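Notes to accompany the following structure.
Quick note on labels: first sequence line is chain A, next is B, and so on, each numbered from 1. Keep in mind the model is a prediction, meaning the values are calculated, not measured.
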Amino acid sequence: MTVRVRFSPAPSGSLHVGSARTALFNWLYARHTGGTFLLRIEDTDQSRSTDTSAAGIEDTLTWLGLDWDEPVVRQSQRFAEYRAAAEQLLDEGRAYACSCTPEEIKARNEAAVAAGRSPGYDGHCRELSDAERQQLAAEGRPRTLRFRTPETGASTFVDLVRGEVRVEWSTITDFVILRSDGTPLFFLANAVDDLEMRISHVIRGEDLLDSTHRVLAVRAALSPEPPPQFAHLPLIVGPDRAKLSKRHGAVALEEFRAAGYLPDALRNYLALLGWAPEDGRELLDADELVAAFELSRVTHAAAAFDHEKLDWMNGEWIRRLTLPELEAAALPLARARFGETFDLALLRRALALGQGRATTLGALLDQADFLFIPDDQFRVRPDAWAEVTTDRVDEILAAVEAHLEARDWGEPVDLRGVIEALGLKARQAMPAVYTAIEGRRAGLPVFESIELLGRDRSLQRVRAARAQRA
RNA sequence: GCCCCCAUCGUCUAGUGGCCCAGGACGCCGCCCUUUCAAGGCGGUAACGGGGAUUCGAAUUCCCCUGGGGGCACCA
């Protein structure tokens with residue numbers, strides 16, 4: 001069978017890590033099988049302006065390395081087709097017009113819950129006669145189209161990751177497929193689009209598992225063609241096992257991008273959330289992921305998003321970069337921090353110095369900022385001196401200043417002799433030097449940093465620090 | 001309330017009846033290396049939620065319980 005999968009994000013403007021993972025698994029499956037990967041923006045709610053946010057999603061997917069094969073489909077451009085499909089279902093008796101107002105439904109739902117019954121549409125308009133419907137229409141009441149759900153039996157389908165799932169129809173109430181303003185709900189839009197786009201597989205989050213029965217019912221009513229096969233991915237949760245949200249830290253892919261995470265790292269990490277290759281490898285590039293990916297190996301339980309493991313993995317990917325690649329990845333972030341004009345050669349040297357120890361590009365650039373901040377604006381971080389534990393700071397800085405004045409700048413910087421002469425261990429004395437030079441107690445290796453700064457700027461930093469403490 | 005899904009170290013996971021007194025990775029702890037902190041190297045800590053059943057044998061199969069998550073909209 002030819003695989004055609006589609007990723008269908010809501011046009012929210014950014015890509016939540018959960019959606020990104022769904023996109024990735026769709027893409028991996030398509031690429032692994034040699035199938036087609038499609039992008040369809042779900043915007044059946046006309047009230048939103050979706051073009052800008054859709055462009056943002058496309059940009060982020062591209063950054064992640066997930067390329068799609070055919071022009072992007074926007075559901076907002078296809079309202080006429082959805083309406084025609086709904087009317088067809090109405091004519092065939094698979095759907096019926098409902099004249100209940102939202103207020104009435106809400107009130108009856110609340111009453112049902114209060115009485116200990118389940119919420120959901122109560123079938124109020126299900127069996128009205130034609131005369132009654134005409135009467136209601138004449139009263140100017142709203143008209144939505146509801147899908148007529150079977151009263152008996154069960155809905156079953158085989159989920160590609162979970163196996164057979166089964167729900168009694170009696171627990172699924174009649175649902176709206178066309179709003180009173182004529183726009184569709186996603187049950188209908190998805191069924192129509194998946195049919196038209198000849199979608200063969202739908203891979204999406206487990207939160208949609210129950211709604212699949214409804215999509216499948218609409219699809220079956222619309223066409224005798226076999227429906228797509230469904231696969232539901234386990235959800236991604238926060239450290240507290242609750243739905244991953246803003247209070248757990250970054251959740252939008254754009255935030256990770258801005259913080260200096262590499263697309264390779266994010267793709268790699270996300271792929272391992274709910275899936276693992278048979279051979280247990282953890283560090284995999286795009287090609288390796290595609291080659292190893294199997295839907296049957298997707299796990300069933302929700303996975304917690306672990307920022308620390310992502311950090312580790314991002315560091316691994318930073319270390320794999322060549323210097324030109326590292327520079328290319330860091331440049332946009334550097335511009336955002338240091339402005340359009342800064343010493344590019346200096347940045348290159350700083351990146352080379354920090355590559356072996358970085359977890360994110362953002363943190364790396366933070367550590368390098370002392371090189372790019374103009375000397376008259378340079379300040380030691382407020383809490384830095386407090387973290388220096390020795391009480392001989394002034395002595396140390398005086399000795400360092402004397403050394404920097406006298407030394408031969410053609411030689412590599414080495415302060416070890418200076419520290420030893422004071423009878424101090426490096427562990428005791430170095431934080432003071434870091435603080436004076438870099439403005440923070442720890443950061444890029446300080447000897448090399450002094451060389452990057454040069455004689456004048458280094459001396460100026462040490463003198464400023466001494467003056468500040470005097 | 002009703003329905004559905006799920007359940008191995010703190011976290012991501014391997015494991016589909018004996019190879020498992022459960023393996024890897026992140027984190028954590030210790031040691032080494034070392035110009036502070038990192039990074040790196042080496043080592044260590046740590047789990048099959050509970051109870052039944054099937055079987056010569058169960059992390060792996062079945063049932064119940066418990067726990068967690070999701071769903072029940074004119075959102076997607």
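When both distances must be under 3.5 Å, the Watson-Crick or G-U wobble mate of A25(B) is U11(B).
Across all strands, Arg297(A) comes closer than 4.0 Å only to sugar-phosphate atoms, never to a base (heavy-atom distances). In this structure, Glu103(A) reaches neither bases nor backbone, as no heavy-atom distance under 4.0 Å exists between it and the strands shown. Looking at heavy-atom distances under 4.0 Å, Arg117(A) makes no contact with the nucleic acid at all. Gly120(A) comes within 4.0 angstrom of sugar-phosphate atoms only, judged by non-hydrogen atoms across all strands, and of no base.
Ring geometry for Phe256(A) versus Tyr261(A): interplanar angle over 60°, hence perpendicular rather than tilted (30 to 60°).
Within residues 348-357 of chain A, the residues having any heavy atom under 4.0 Å from RNA chain B are, by residue number, Gly356(A), Arg357(A). Contacts between residues 165-175 of chain A and RNA chain B, defined by a heavy-atom separation below 4.0 Å, involve Val165(A), Arg166(A), Val167(A), Thr171(A), listed by number. Residues from residues 412-425 of chain A placing a heavy atom under 4.0 Å of any atom in RNA chain B, listed by number, are Arg416(A).
Using modelled atom types, one finds a donor on one side chain and an acceptor on the other under 3.5 Å when comparing Thr60(A) with Glu254(A).
When side chains are defined from C-beta on, Phe293(A) counts as touching Tyr29(A), because their heavy atoms get closer than 4.5 Å.
Taking atom C1' on both A46(B) and C63(B), the two are 31 Å apart, rounded to the nearest angstrom. Comparing the C1' positions of G51(B) and U45(B) gives an interatomic distance of 30 Å, to the nearest angstrom. Taking the P atom of each, U11(B) and C19(B) are spaced 26 Å apart, rounded to whole Å. Rounded to the nearest Å, the gap between the P atom of G23(B) and that of C5(B) is 32 Å. A gap of 32 Å separates the P atoms of A59(B) and C42(B), to the nearest Å.
The two atoms that bring Asn26(A) and Val5(A) nearest to each other are O-CG2, 3.4 Å, heavy atoms only. Contact record, Arg319(A) with Ala358(A): NH2-O, 2.5 Å, taken as the closest heavy-atom pair. The minimum heavy-atom distance linking Ser449(A) with Leu371(A) is given by the pair O-CD2, 4.4 Å.
Nucleotides of RNA chain B nearest to Pro234(A) and Gln367(A) differ in position, and the one nearer the 5' end is that of Pro234(A). Each of Arg143(A) and Leu209(A) was assigned the nucleotide of RNA chain B with the nearest heavy atom; the assignment lying further toward the 5' end belongs to Leu209(A).
Centroid-to-centroid, the aromatic rings of Phe305(A) and His248(A) stay 6.0 Å apart or farther.
A donor-acceptor contact under 3.5 Å is not formed by the side chain of Ser118(A) with the base of C72(B). For a distance-only test at 3.5 Å, the side chain of Asp210(A) qualifies as a donor-acceptor partner of the base of G70(B).
Other residues, nucleotides and ligands place no more than 12 heavy atoms under 6.0 Å from the CD atom of Glu278(A).
The aromatic ring of Phe447(A) is stacked on the base of U35(B), with the two ring centres less than 5.5 Å apart and the planes inclined by under 30°.
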